[in-house]
Number of protein chains: 2
Amino acid sequence: MAKFNFNLDTLPPSEIREEICSLTITQNVLQGRWKPLLIWYISLQPQRFGELTRLLPGISKGILAKQLKELEDDGLIQKEIFDELPFKVEYTLTDLGEQLLPVIAVMQDWGKKYIDSRQK
Amino acid sequence: MAKFNFNLDTLPPSEIREEICSLTITQNVLQGRWKPLLIWYISLQPQRFGELTRLLPGISKGILAKQLKELEDDGLIQKEIFDELPFKVEYTLTDLGEQLLPVIAVMQDWGKKYIDSRQK
DNA sequence: TAAGCTGGTCACAAAAAAGTGACTACTGTT
DNA sequence: AACAGTAGTCACTTTTTTGTGACCAGCTTA
């Protein structure tokens, strides 16, 4: 069953529907405990699978592989396999992934405001 | 057990830690299937409980009450009870909640880019 | 030869999130 | 008197997400 996230009985105007859809899409793409951090780390420099397990404490290989796969399927990151021995893999942001960086940046800005507001 | 989301054995520099923390805070505050939409609807105009159940198709009263409560506890929205009869309740954004609107806006911008990228 | 590195997959268990339906208590309408 | 609307709460079930530990195959180092 499709999730429209708006009421089909009293259909909102199309510009409202568009805002709801675009917001929900971004939310879904970022849904996952490690995804925002993964995108941010990969934006700093291309990252390898093993390096990400070291950067993120407590992440399991299973969920790391799964969330990387989902980010790849959503077109945010790409995977490059180097056939050197021992072989290695590098994850980098796609253009679409780069375009997501403003979202990460404003999230960080707001997080700092939140911390400030709690320290008063 | 606290979730630092960074590696305590090889502690990253403090400016990196700060970015990780602020990003994770914002992520946690927005975590919940309906929260971004709730914030957006409330930013359009003060909203009542019943109106929100009508705007959001399929949301249950239980989860709506829970997510509103969490947003209130996090200081993003405030609840005003009017003692008229029949009594009514209105939810509005706090200052901190208003400051979150840029996050919602860039999420919507990116969602539109994502839709465009998929239509090619 | 054994252990450690590379980057994973898989089945299962645990935890977290979300949904369901009944119930509350008050007022206004029919 | 019965039903609708106000805004919820509560116990329970279902669904989704995350974590756990074993396993794989090829290579390097001690």
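Because only heavy atoms are used, hydrogens play no part in the values below, and waters and symmetry mates are left out as well, while side chains stay in. Throughout, protein chains are lettered first and strands after them, A, B, ... in sequence-line order, and every chain is numbered starting at 1. This is a predicted model, so every value here is computed, not measured.
In this structure, B:Q108 CD and A:T26 OG1 are separated by 8.0 Å, a value rounded to the nearest 0.5 Å. Atom-to-atom distance recorded for A:F6:CZ and B:Y41:OH is 8.5 Å, nearest 0.5 angstrom.
Comparing D:dG8, D:dG19, C:dA18 by their closest approach to the side chain of A:W34 singles out D:dG19. With D:dT20, C:dA18, D:dA7 as the choices, the nucleotide that has an atom nearest any side-chain atom of A:S60 turns out to be D:dT20. Taking the side chain of B:K79 as heavy atoms from C-beta on, and the options C:dA18, D:dT18, D:dG8, the nearest nucleotide is D:dG8. When distances run from any side-chain atom of A:R54 to the nucleotides D:dT18, C:dT6, D:dA7, the shortest one goes to C:dT6.
A close approach under 4.0 Å does not occur between any side-chain nitrogen or oxygen of B:R48 and OP1 or OP2 of D:dG5. Taking 4.0 angstrom as the limit, B:Q67 places a side-chain polar atom (N or O) nearer than this to OP1 or OP2 of C:dA18. One finds no side-chain N or O of B:R33 lying less than 4.0 angstrom from the OP1 or OP2 phosphate oxygen of D:dT16.
Cation-pi contact between A:K88 and A:F82: present, with separation from the ring centre below 6.0 Å and deviation from the ring axis of at most 45°.
To the nearest angstrom, C1' of D:dT13 lies 14 Å from CD1 of B:I63. Distance B:K66 NZ to C:dG19 C1': 12 Å, rounded to the nearest Å. One interatomic measurement links the two molecules: CD1 of A:I59 to P of D:dT20, which rounds to 11 Å at whole-angstrom precision. Atom CZ of A:F82 is separated from atom P of C:dG7 by 11 Å (rounded to the nearest Å). Nucleotide D:dA7 holds its P atom 9 Å from the NZ atom of B:K61, rounded to whole Å. Whole-Å rounding puts the B:Y91 OH to D:dA7 P distance at 8 Å. In this structure, NZ of B:K88 is placed 23 Å from P of D:dA4, rounded to the nearest angstrom. Between the CD1 atom of B:I81 and the P atom of D:dA7 there is a distance of 11 Å, rounded to whole Å.
For A:N7, the CG atom is densely surrounded, since the number of other residues' heavy atoms within 6.0 Å is greater than 12.
No donor-acceptor distance shorter than 3.5 angstrom exists from the side chain of B:Q47 to the backbone of B:T92, with no hydrogens or angles considered.
Nearest-nucleotide mapping onto DNA chain D: of A:F87 and A:G62, the residue sitting toward the 5' end is A:G62.
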